[in-house]
S.K.: 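Before we start, here is the structure in question, set down as structure tokens.
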Amino acid sequence: MKCSRCGREFDYRERDFCGFCKTVHSRSGEPIRDIKGILCYISEKFGAEVLNDRRRCDALIADFFPKEDAARRLAYVTLYDGTAKKLAAVREKPFEVKCAAAARCVQSLRDEIGLKGKVAAEAVEAVGCAVGCEISFKKSEKTPASETESKKNVTDAAEQYSLGRHFDRIREYEKALYWFEAAAAQDYGEAEYYVGVYRLEGRGGIQNTEQAREWFLRGAENGVAQAEYMVGYFFAEGISCEVDENKAFDCFLKAAKMGCPDAANMVAMCYENGVHTEKNPELARKWRKAAGGSLEAMPEMTPETPKQAPKLPDPDETPQTTADEGEELYQSARRCLADKDAEGAAIFYKRAAELGHARSQCSYGKCLYTGSGVGKDTAEAFRWFKLAAEQDLNIAQYNLGVMYLKGVYVPKDMIEAKKWFEKAAQNGHEDAGKILKKLTK
């Protein structure tokens, strides 16, 4: 074999490194220089357990790869953070659980050690490969969302979850599942609950009750009341687990105390009918009141009568939006623009605009007007400008004036143009005032 570093020949059957420059080669003849190749080589030669001893592993890397200082330092801090142990513990778990554990390792390396996200992800993938834990932070190109949404800069879990909720509301379930999984991989509790619902119902094309239970368990661990309620449902019905009435009732009660109405309703029914616990009319009345008086009588249980399944929480139900949500989405759009991600910015501007955020309505109108990050559509641009202008946003009023002045989408109309320029000027828009003076001469 010819050394790809110094060009000298060596017999790979006798040794896997060049005798002159000591560069280790793979079977295909490529030099091993990156952290993934180095750790896999050490693991294959000395066993994966050696990665749990960072000092010994560091010494081995120094012996076999003396010139790869950068990879050696990265491997040391990654193993110092316990990544090998964390990934080895989940290598027999479902793929989604392994990816979630890997995401937590990346977060730890970023927050505790100070590594950049891309470098941390590369290191965690390398350790995962070395310990036999298959992980990946890249999505398949077949994912429908990749055709329409920019994934480059939408990396914040809360923003990914927000996109998932948006596509869930408009019933584009494959795209919603993509973003929910992205947020769940970063251990975002609400997203984990939604992935569980999607797996349970088969939304997005994949139905798997075992995976659904895993995600509900993860959501429950992160304090999501609906996820805790669903864990109780699985215990009550014996779905992907043994029936355990005590655990089922404990989950229902815990979720009810966390404010889940469905769980409060279920606890009331359990106390009233003596299902999963002893009868207690007084507590039944208490929980019925907590459930908002929506208690439905549970039928008497006989061996021939199956248990009535609790109502599955409806993920299509639109949550109450807060006054700050539009501003948060607007700022997310601006961060995308700072990273030169026009598509990501358009996504967040649209989400905020739909919530009535005036600046986002104007900004999304501009995206449509110029075709930045979205298809050019002057009719839609006019509509969003007008919505923002009606909220007295001076830049939107100015934009309407320009459209009437130039005859873009609407016929040229000097009277309408002057009207909107005048409103914009009264609201402090300097350019509108200058144009108005020229038009009135």
Side-chain angles (χ1 to χ4, degrees), residues 93-100 103 136-151 154-241 251 255 260-263 265-266 308-321 347-348 350-351 354:
K93 298 287 185 180
F95 180 72
E96 292 85 352
V97 176
K98 291 188 284 191
C99 287
S136 176
F137 296 106
K138 297 177 182 179
K139 301 300 292 185
S140 168
E141 292 181 358
K142 296 180 181 179
T143 304
S146 67
E147 299 172 4
T148 54
E149 278 74 53
S150 169
K151 303 182 293 299
V154 186
T155 56
D156 181 76
E159 295 173 356
Q160 291 167 340
Y161 171 71
S162 177
L163 279 171
R165 288 290 290 141
H166 167 68
F167 287 116
D168 182 71
R169 288 187 186 101
I170 62 176
R171 290 175 171 79
E172 293 191 24
Y173 294 131
E174 290 184 352
K175 295 178 184 178
L177 178 59
Y178 171 80
W179 289 110
F180 284 143
E181 285 182 330
Q186 298 192 59
D187 209 27
Y188 196 83
E190 288 79 2
E192 291 167 340
Y193 162 71
Y194 270 91
V195 174
V197 171
Y198 271 52
R199 288 287 187 269
L200 181 63
E201 296 186 340
R203 295 189 188 192
I206 303 173
Q207 186 171 25
N208 188 314
T209 55
E210 290 185 3
Q211 291 182 10
R213 183 171 181 272
E214 288 279 350
W215 285 111
F216 286 138
L217 284 167
R218 293 191 62 79
E221 289 172 359
N222 283 316
V224 179
Q226 286 282 23
E228 187 75 48
Y229 167 71
M230 291 307 299
V231 172
Y233 171 44
F234 274 57
F235 275 125
E237 296 297 322
I239 302 174
S240 299
C241 63
C251 290
C260 174
D262 292 321
N265 189 57
M266 176 56 68
Q308 178 182 332
K311 177 186 175 184
L312 185 66
D314 182 9
D316 288 326
E317 183 182 350
T318 303
Q320 295 294 322
T321 57
I347 291 169
F348 286 111
K350 184 179 180 182
R351 283 280 296 110
E354 290 169 345

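Computed from a predicted model, the values in this text were never measured in an experiment.
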S.K.: Are side-chain heavy atoms of M230 and L200 found at a separation under 4.5 Å?
M.R.: yes

S.K.: Go through the structure and list residues passing side-chain hydrogen bond (donor to acceptor under 3.5 Å, both in side chains) with E172, not counting sequence neighbours.
M.R.: K175

S.K.: Quiz question: by atom type and distance under 3.5 Å, do the side chains of Y193 and N222 form a donor-acceptor pair?
M.R.: no

S.K.: Would you say the side-chain atoms of Q207 pair up with the backbone N or O of R199, donor to acceptor, closer than 3.5 Å?
M.R.: no

S.K.: Write down the atom of A227, the atom of F216, and the distance for their closest heavy-atom approach.
M.R.: CB-O, 3.5 Å

S.K.: So how far is it from H166 NE2 to E354 CD, rounded to the nearest 0.5 Å?
M.R.: 5.5 Å

S.K.: To the nearest 0.5 Å, tell me how far Y194 OH sits from E192 CD.
M.R.: 14.0 Å

S.K.: Work out which heavy atom in W215 is nearest to a heavy atom in A184; give both atom names and the distance.
M.R.: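 Minimum heavy-atom separation between W215 and A184: CZ3-CB, 3.7 Å.
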
S.K.: Step by step, work out the side-chain contact (heavy atoms from CB on, under 4.5 Å) result for Q160 and Q186.
M.R.: CA-CA 10 Å; Q160 291 167 340; Q186 298 192 59; 3.0 Å; yes

S.K.: Determine the interplanar angle of the F180 and Y161 rings, folded into 0 to 90°, and report it as parallel if under 30°, tilted if 30 to 60°, perpendicular if over 60°.
M.R.: tilted

S.K.: Which atom pair, heavy atoms only, marks the closest approach of A183 to A191?
M.R.: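 Taking every non-hydrogen atom into account, CB-CB, 3.5 Å.
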
S.K.: Quick one: are C260 and E228 in side-chain contact, heavy atoms under 4.5 Å?
M.R.: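 The answer is no, as the side chains (C-beta and beyond) never meet within the 4.5 Å cut-off.
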
S.K.: A263 and A255: which non-hydrogen atoms are nearest, and at how many Å?
M.R.: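 Closest approach of A263 to A255, heavy atoms only: CB-CB, 3.6 Å.
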
S.K.: What I'd like to find out is whether the side chain of R213 reaches to under 4.5 Å of the side chain of I239, using heavy atoms alone.
M.R.: no

S.K.: Determine the minimum heavy-atom distance between Q226 and D262, stating which atoms define it.
M.R.: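 Reported closest heavy-atom pair: NE2-OD2, 3.6 Å.
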
S.K.: The test is side-chain contact (heavy atoms from CB on, under 4.5 Å); show your working for Y198 and D168 and say whether it passes.
M.R.: CA-CA 10 Å; Y198 271 52; D168 182 71; 2.4 Å; yes

S.K.: Please report the interatomic distance CG(N208) to OG(S240), rounded to the nearest 0.5 Å.
M.R.: 7.5 Å

S.K.: Tell me, yes or no, whether the heavy-atom count around K350 atom NZ, taken from other residues, nucleotides or ligands under 6.0 Å, exceeds 12.
M.R.: no

